[in-house]
Number of protein chains: 2
Amino acid sequence: MNRYAIGLDYGTNSCRSLLVNIDTGEELGSVVFPYPSGHQGILTDASDPNLARQNPQDYLDGAVTIITGAIAQAKETHPNFNSDEIIGLGVDTTGSTIIPVNVEGTPLSLTPEFADNLNAHVWLWKDHTAFEAAADITTMAEKMRPEYLAKCGGTYSSEWWWSKIWQCKKVDEAVFDAAYSWVEHCDWLPAVFTGSDKPENTMRSVCAAGHKAMFSDNWGGLPDKEFLDALDPALGELRGRLYDKAYDSKAKAGDLSAEWAGKLGLKEGITVAVGAFDAHMGAVGSGVKAGSLVKILGTSTCDITVLPESVDLEDVPGVCGVVNGSVLPNHYGIEAGQSAVGDIFLWFVNNLVPDSYGTTNDEKFIEMGKRLDGLKPGETGLMGLDWNNGNRTILTDVRLTGVILGQTLHTEAHEIYRTLIEATAFGALTIINRMEESGIKIDEVVNTGGLAVKNEALMQMYSDILQRPLKVAASDQTCALGAAIFGAACGGTVTIAEVQANCCQMREKTYSPIAENSVIYEELYALYKTLHDAFGTSEWQGGLGHVMKDLIRIRQEQRKG
Amino acid sequence: MNRYAIGLDYGTNSCRSLLVNIDTGEELGSVVFPYPSGHQGILTDASDPNLARQNPQDYLDGAVTIITGAIAQAKETHPNFNSDEIIGLGVDTTGSTIIPVNVEGTPLSLTPEFADNLNAHVWLWKDHTAFEAAADITTMAEKMRPEYLAKCGGTYSSEWWWSKIWQCKKVDEAVFDAAYSWVEHCDWLPAVFTGSDKPENTMRSVCAAGHKAMFSDNWGGLPDKEFLDALDPALGELRGRLYDKAYDSKAKAGDLSAEWAGKLGLKEGITVAVGAFDAHMGAVGSGVKAGSLVKILGTSTCDITVLPESVDLEDVPGVCGVVNGSVLPNHYGIEAGQSAVGDIFLWFVNNLVPDSYGTTNDEKFIEMGKRLDGLKPGETGLMGLDWNNGNRTILTDVRLTGVILGQTLHTEAHEIYRTLIEATAFGALTIINRMEESGIKIDEVVNTGGLAVKNEALMQMYSDILQRPLKVAASDQTCALGAAIFGAACGGTVTIAEVQANCCQMREKTYSPIAENSVIYEELYALYKTLHDAFGTSEWQGGLGHVMKDLIRIRQEQRKG
């Protein structure tokens with residue numbers, strides 16, 4: 001008898017499935033479903049570039065397509081495959097991606113009254129409309145509850161739970177009043193599949209709660225009513241209709257209902273794990289452990305590591321979240337990340353790369369990659385700041401923007417592309433340095449996501465800059481794999497560690513730092529850090545008259561060398 | 001009887017002629033000759049991006065083509081035109097563009113021995129190989145002869161006479177030793193045409209000498225031997241084979257020789273004026289006067305104004321040159337400029353504008369112009385520094401580079417184009433402010449050059465930012481017109497002022513500042529100036545944490561407003 005599990009990974013523009021044999025790690029099926037609504041699945045508003053919403057119906061339609069599709073694939077390639085041997089289902093999603101629901105747990109946007117109201121739809125993680133609310137929450141917490149901030153890096157983000165709910169109250173009282181409760185996308189889907197979507201029945205993920213809603217057992221769950229009242233009495237009042245317990249994904253959200261078993265082609269009653277955020281499950285699917293930082297290199301990045309709960313961990317200033325059990329049971333889950341990485345390269349190729357490099361984005365990336373192959377570190381004379389979408393870690397400030405510096409009349413597009421890659425790597429190094437300053441040692445980096453697999457030039461630069469070996473997880477779908485692992489383990493017949501051991505492999509190719517490159521990058525990083533602090537903090541004072549001269553000197557030395 | 005004059009304008013990539021009736025201002029002929037050598041007329045060296053040389057043969061071939069061509073045009077459109085009624089010839093060139101010559105005055109590169117040696121060719125103004133020599137000259141002058149620096153803005157440039165000659169000595173003793181003397185391009189051509197090209201016979205332009213070779217009657221001409229010896233005894237030794245008098249262009253370089261009259265199709269013996277730099281003659285061709293700044297808006301800019309010698313003028317820190325008689329007789333000529341303006345736009349369109357804007361550069365510029373039409377000042381959220389080719393005024397530092405700041409994931413190419421235009425305008429304002437701080441009042445700006453004529457959006461932004469009326473000179477060839485004016489006047493039968501009155505007209509369209517734009521630009525300029533001082537000076541100390549936030553605030557206010 002074989003044992004399979006299925007993991008669902010809900011990303012920003014599409015969702016995908018992975019059907020895996022939990023004893024052999026063999027991957028039998030995987031299907032992608034691009035969300036049909038809006039522009040690439042995102043509902044936008046021309047008058048406000050900060051707004052990003054989604055349609056929850058896309059999530060349901062996607063589940064059917066990607067699960068039935070994966071099963072069909074498995075049957076085609078494995079004639080003896082029996083879908084009744086799928087023992088569990090797990091789900092990960094983006095976050096904080098939150099849904100206003102009515103008393104039945106139905107998303108307001110799926111009710112006729114609010115079908116056309118963007119504020120009643122899903123507030124996607126990258127919706128930044130709530131930046132003022134976030135700043136006010138930070139200010140209030142600094143005054144009343146500094147302990148809340150310590151767990152989320154010192155600044156509460158506009159991407160998170162309370163900012164968005166409060167913003168909804170500010171801009172659309174009708175939606176706010178009609179919302180009996182709010183639910184994270186990662187909690188809603190398991191609840192729907194198990195028939196526990198009435199808000200009081202829904203199992204809430206500690207990963208979402210702890211990282212985004214300031215939930216901690218240290219202060220009895222969600223922020224206390226006094227604090228919420230101080231923000232807005234309506235939030236204090238809402239608190240009672242939310243939740244007071246949160247679970248890690250070792251826990252079961254419930255058993256698959258007959259209704260959804262029928263729609264999905266699965267056996268009724270199989271276990272469905274409590275959901276979690278994509279990055280956390282991706283970290284598990286990449287074999288995260290103490291000393292190993294998992295980097296999910298996508299449009300943005302998530303940087304995740306763990307530390308046994310037995311270790312005495314201080315707070316990590318500027319690091320988005322430190323939450324017990326959010327990644328692995330009995331471990332602190334430590335989450336950081338960069339607001340845009342692949343998105344910056346995509347922005348660049350979409351907007352600033354001429355057709356002399358190729359006619360499609362793929363051709364342009366390939367040609368730019370070729371042309372930067374011959375360049376040594378520092379040879380561009382350029383330096384950038386990777387803040388086109390703000391800075392999530394360690395400055396936690398969405399109102400920062402990008403910089404390119406050092407251009408001459410000879411600067412070409414592929415040199416700027418290289419600079420953007422380097423800038424994101426310097427941003428990554430800044431995160432690792434901050435973790436190590438707080439006692440979280442990082443010995444190696446395990447990478448997953450499209451860029452880790454496809455972009456060898458980028459990976460080598462990252463290794464040179466991070467000065468650590470870079471591995472690449474074997475699975476193309478580490479997030480979905482992590483979800484499948486939890487789906488299998490939440491039934492209690494197998495442990496997370498056992499399934500990880502069977503399924504989490506590394507690719508053969510490991511990237512090692514090239515010493516002569518690292519030396520130059522150390523010098524360049526000092527300049528990056530100066531610009532980072534100069535533009536990114538209010539404390540920095542100094543002079544920058546040396547920056548352009550240093551870049552030119554390094555360029556000249558490298559060209560000669 | 002009609003009276004005509006012909007002016008020749010030698011630019012960076014081509015030369016052009018203008019044949020004008022000096023009593024009516026009618027322009028009868030104009031021909032362009034692109035230099036055939038190298039890449040767009042410039043000899044380069046792949047291993048050193050600072051190197052830019054030219055072939056003097058291109059200048060001679062060009063003279064024949066553009067003069068005979070202009071005469072042919074005049075004959076075609078004016079059947080009664082008689083080329084014997086051309087009474088004078090004037091020449092302007094780029095500078096400091098210098099030529100090593102042998103004892104006969106023949107450029108070394110036109111002798112077989114040195115035909116293939118780049119160091120024996122013309123050292124074009126924008127050759128920056130001598131940046132170390134320039135820095136050493138500045139240091140030595142600060143120590144020994146601070147008065148030399150006061151006249152050239154406090155810093156001696158790598159683009160200028162002594163830097164280049166010394167650099168030649170450092171890198172190629174064979175060429176240096178073979179050079180009996182050195183001559184500016186603007187002095188060499190009138191000398192050739194009048195048979196006075198033996199170095200001791202060549203009339204030297206006070207414009208070139210004063211602005212670029214530290215020549216002043218205040219200290220007896222060129223820098224003294226003691227100073228030059230301190231730099232390098234070979235320079236002190238060379239001094240004796242250079243010159244001790246320099247002339248303004250009211251003076252005659254000589255009479256046209258029979259040989260060249262034949263080649264050029266002109267009457268033997270007509271007057272040839274002492275040459276000058278393009279910008280200076282362009283200023284005269286644009287009707288320069290006290291209170292009026294002439295801006296030659298091309299690949300780079302020259303900003304020229306005059307002040308009567310009767311006024312007590314202090315030195316102007318950071319302004320390239322203040323030289324008596326260099327523009328108009330009996331006036332201080334005050335010259336500043338930006339190292340790249342049109343060149344920055346051209347760099348951008350050549351390297352970073354995708355084909356969605358059009359397939360040719362012209363199409364791309366037009367489409368970007370259209371798309372930025374609807375944008376208000378500050379709406380891009382971007383800020384730039386216009387230093388892709390260094391900063392000539394007021395920082396006089398070629399080792400500065402460009403900056404673009406404020407990018408998001410939504411930033412498009414035309415927004416960056418707008419930012420680059422604004423950055424060059426802020427650079428222009430910085431120059432005007434420095435002039436006014438030194439008591440040189442600027443009431444209006446007269447523009448000439450391709451951008452002034454073709455780019456209305458740019459002109460309006462400049463007017464909004466400079467907060468002054470902007471006029472545009474009527475002639476398309478103000479530099480060549482200025483040269484023609486001197487060619488006519490140097491014979492003494494007519495004055496400069498008389499020919500200017502007949503020939504220097506303005507176009508109907510004048511640009512006036514739009515008050516609501518100027519208010520926003522004042523705020524943006526404060527940010528520009530902060531970045532300018534932060535990156536461009538060694539003295540500045542401060543914080544920049546407000547810069548991105550301010551840009552976002554202004555953007556939001558403008559989008560709402």
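Being a predicted model, the structure only gives us computed values, none of them experimental.
Among the candidates B:Gly545, B:Gly381, B:Ser356, B:Gly536, the residue making the largest number of heavy-atom pairs closer than 4.5 Å to chain A is B:Gly545. Chain A forms more heavy-atom pairs under 4.5 Å with one residue of B:Gln556, B:Lys560, B:Lys364 than with any other, namely B:Gln556. For chain A, the option among B:Ile552, B:Asn389, B:Val349 with the highest count of heavy-atom pairs below 4.5 Å is B:Ile552. Contact count versus chain A (heavy atoms, under 4.5 Å) is highest, among B:Met383, B:Gln541, B:His546, for B:Gln541. Heavy-atom pairs under 4.5 Å with chain A peak, among B:Leu382, B:Asn388, B:Asn350, at B:Asn388. For the options B:Ala413, B:Gly390, B:Ala534, heavy-atom pairs under 4.5 Å to chain A are most numerous at B:Ala534.
Interface remark: B:Leu551 contributes no atoms to any contact with chain A (heavy atom separation under 4.5 Å). With a 4.5 Å cut-off on non-hydrogen atoms, A:Leu346 does not touch chain B at all. For A:Thr408, the parts sitting under 4.5 Å from any heavy atom of chain B are the backbone and the side chain alike. Only the backbone of A:Val353 comes within contact range of chain B, with at least one heavy atom under 4.5 Å from a heavy atom of that chain. For A:Phe131, the part lying near chain B is the side chain, with the backbone staying farther off; criterion is any non-hydrogen pair under 4.5 Å.
Taking OG1 of B:Thr401 as the reference point, atom CG of A:Leu409 lies at 11.0 Å (rounded to 0.5 Å).
The 12-atom threshold is not exceeded at CD of A:Glu132, counting heavy atoms of other residues, nucleotides or ligands nearer than 6.0 Å.
The salt bridge (Lys or Arg N to Asp or Glu O under 4.0 Å) contacts involving residues 537-549 of chain A comprise A:Lys549-B:Asp397, where partners must be two or more places apart or lie in separate chains.
Shown here for B:Thr411 and A:Asn351, the closest heavy-atom pair between the two residues is O-CG, 3.5 Å. For the residue pair B:His410 and A:Trp347, the shortest heavy atom distance occurs at N-CD1, 4.2 Å.
Side-chain contact check for B:Gln407 versus A:Ile344: every heavy-atom pair is 4.5 Å or farther apart. The shortest distance between side-chain heavy atoms of A:Leu352 and B:Ile416 falls below 4.5 Å.
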